Amino acid sequence: MAKAVAVVSALCFLALASLAHAQEAFTVKGRVYCDPCRVEFQTSLSKSIEGAEVELQCRVRENGTVTVSQKATTDAIGNYELSVQGDHEEEICEVVSVSSPSQECNVPFGENKARVLLTQNNGVQGTDRYANALGYKTAKANPDCKAVLQEMGYIPDEDQI
C-alpha cells in the first residue's frame with residue numbers, strides 16, 4: 001500500500017511540475033537598429049530605431065501552423081520586449097522585423113529575422129531570451145563608413161592593397 005501511495009504521489013508531483021512548466025512565461029528581448037553603412041551588422045555609426053515594429057511567431061515544425069503571433073514596438077532606445085506563455089520546445093519561434101518608421105532608414109536587411117528558443121529544456125537558465133538584433137539600412141552608405149570599417153579591419157588600407 002505504501003508503495004502505491006508513493007507512486008501516485010510521484011505521478012501527481014510530475015503532473016503538477018509539467019503543468020507549471022507549460023504555463024511558464026518567457027520574456028523575449030531584442031533591439032532594432034539603423035545601419036548607415038549598409039553592411040548588415042552594427043558599427044559605431046549605427047543608431048537605434050524608435051517605433052519599429054517586430055513580430056514574434058512560433059510555428060509547429062511539421063506543418064507550419066502558427067501557435068503564437070505577437071507584435072511589439074521598440075522604445076526610445078530601440079529595444080522591445082514580448083511576454084510569451086508556455087514552453088515551445090517543439091516549435092520554431094522567430095522574431096521578424098515588420099516596419100521601420102524612419103524615412104531615412106527603412107530598407108530591410110536581406111535576412112531580417114532572429115530565432116529564439118522558448119523552452120527550459122535547452123540548458124539556458126531563467127526565462128529571459130535574447131534575440132539577435134534586427135535592422136534596416138539607409139538607401140545610400142554614409143561617407144564616414146569607409147573609415148569606420150577600415151578601423152574594424154573590414155576594408156584594407158590603401159597601402160595594403
Side-chain angles (χ1 to χ4, degrees), residues 21-22 24-161:
H21 188 62
E24 189 160 31
F26 291 96
T27 302
V28 177
K29 299 178 180 186
R31 179 172 186 264
V32 179
Y33 70 96
C34 175
D35 171 18
C37 295
R38 299 184 49 82
V39 290
E40 298 190 12
F41 58 83
Q42 294 181 71
T43 66
S44 59
L45 297 177
S46 299
K47 303 286 183 210
S48 299
I49 299 179
E50 180 180 3
E53 189 175 7
V54 298
E55 181 176 13
L56 170 73
Q57 280 196 349
C58 293
R59 297 180 314 281
V60 176
R61 290 177 195 271
E62 291 79 33
N63 60 18
T65 302
V66 175
T67 60
V68 173
S69 179
Q70 287 182 241
K71 289 187 178 181
T73 304
T74 57
D75 62 16
I77 56 173
N79 294 331
Y80 64 86
E81 281 191 20
L82 293 152
S83 181
V84 183
Q85 293 294 317
D87 190 279
H88 298 274
E89 180 177 13
E90 299 301 322
E91 299 168 31
I92 296 171
C93 298
E94 295 175 317
V95 180
V96 180
S97 63
V98 175
S99 65
S100 169
S102 171
Q103 293 301 311
E104 305 83 43
C105 196
N106 58 10
V107 178
F109 286 3
E111 185 70 25
N112 216 4
K113 58 186 171 183
R115 188 167 290 188
V116 290
L117 300 175
L118 300 179
T119 182
Q120 288 290 356
N121 298 324
N122 63 354
V124 178
Q125 297 296 310
T127 57
D128 287 348
R129 298 295 184 264
Y130 296 90
N132 287 337
L134 301 172
Y136 290 87
K137 302 180 278 192
T138 55
K140 292 183 180 177
N142 181 319
D144 297 333
C145 289
K146 183 176 181 182
V148 168
L149 293 171
Q150 212 161 18
E151 263 180 42
M152 295 174 71
Y154 284 99
I155 298 176
D157 291 328
E158 297 298 326
D159 60 327
Q160 293 178 323
I161 301 176

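If you're wondering where the values come from, they're calculated on a predicted model, not measured in any experiment.
Put simply, the side chain of C93 does not reach to within 4.5 Å of the side chain of L117, judged on heavy atoms. No side-chain heavy atom of N112 sits less than 4.5 Å from a side-chain heavy atom of V96. Residues V28 and Y130 are not in side-chain contact: their nearest non-hydrogen atoms beyond the backbone lie 4.5 Å or more apart.
Not a single donor-acceptor pair under 3.5 Å links the side chain of R31 to the backbone N or O of L134. Counting only distance, with no hydrogens or angles, the side chain of R38 and the backbone of N142 share no donor-acceptor pair below 3.5 Å. Not one N or O on the side chain of Y136 forms a donor-acceptor pair closer than 3.5 Å with the backbone of I49. Between the side chain of E94 and the main chain of Q57, no donor-acceptor pair closer than 3.5 Å is present. No donor-acceptor pair closer than 3.5 Å links the side chain of D35 to the backbone N or O of K137. Between the side chain of T67 and the backbone N or O of C58, at least one donor-acceptor pair lies under 3.5 Å.
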Exercise for review: Test D128 against K29 for side chain to side chain contact (heavy atoms under 4.5 Å, CB included), laying out the working first.
Suggested key: CA-CA 7 Å; D128 287 348; K29 299 178 180 186; 3.3 Å; yes

**Study point:** L56/V116 under side chain to side chain contact (heavy atoms under 4.5 Å, CB included): CA gap, chis, key distance, verdict
**Key:** CA-CA 9 Å; L56 170 73; V116 290; 4.0 Å; yes

Practice item. Let me see the working for C145 and T43 under side chain to side chain contact (heavy atoms under 4.5 Å, CB included), right down to the final yes or no. Key: CA-CA 9 Å; C145 289; T43 66; 5.8 Å; no

Practice item. Take E55 and Q70, measure what side chain to side chain contact (heavy atoms under 4.5 Å, CB included) needs, and give me the verdict at the end. Key: CA-CA 6 Å; E55 181 176 13; Q70 287 182 241; over 6 Å; no

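Atom NZ of K113 sits in a sparse spot, with 12 or fewer heavy atoms from other residues, nucleotides or ligands closer than 6.0 Å.
In this structure, the separation between CG on L45 and CG on L149 is 8.0 Å, given to the nearest 0.5 Å. Note that the CZ atom of F26 and the CG atom of L82 stand 14.0 Å from one another [nearest 0.5 Å]. Note: N79 CG to S48 OG = 6.5 Å, rounded to the nearest 0.5 Å. Between the SG atom of C34 and the NZ atom of K47 there is a distance of 9.5 Å, given to the nearest 0.5 Å. One distance of note links CG of N121 with CG of D87; it measures 5.5 Å at 0.5 Å rounding. Between the CD atom in Q103 and the OG1 atom in T138 there is a gap of 13.5 Å [rounded to 0.5 Å].
Among E90, E91, Q85, the single residue meeting the side-chain hydrogen bond (donor to acceptor under 3.5 Å, both in side chains) criterion with H88 is E91.
Looking at every heavy atom in both residues, C105 comes nearest to S100 through O-OG, 2.8 Å. Across all non-hydrogen atoms, the minimal contact from A72 to E81 is CB-O, 4.0 Å. In terms of heavy-atom proximity, R129 sits nearest to Q125 at NH1-O, 4.0 Å. In terms of heavy-atom proximity, Q42 sits nearest to M152 at O-CE, 4.2 Å. Of all the heavy atoms in A114 and A131, the pair that sits closest is CB-CB, 3.9 Å. Across all their heavy atoms, A141 and C37 have their closest contact at CB-O, 4.1 Å.
A donor atom on one side chain and an acceptor atom on the other are not found under 3.5 Å apart for E24 and T127. Side-chain contact, E50 with T74: no donor N or O sits under 3.5 Å from an acceptor N or O.
Ring to ring, F109 and Y33 are close: their centroids are under 6.0 angstrom apart.
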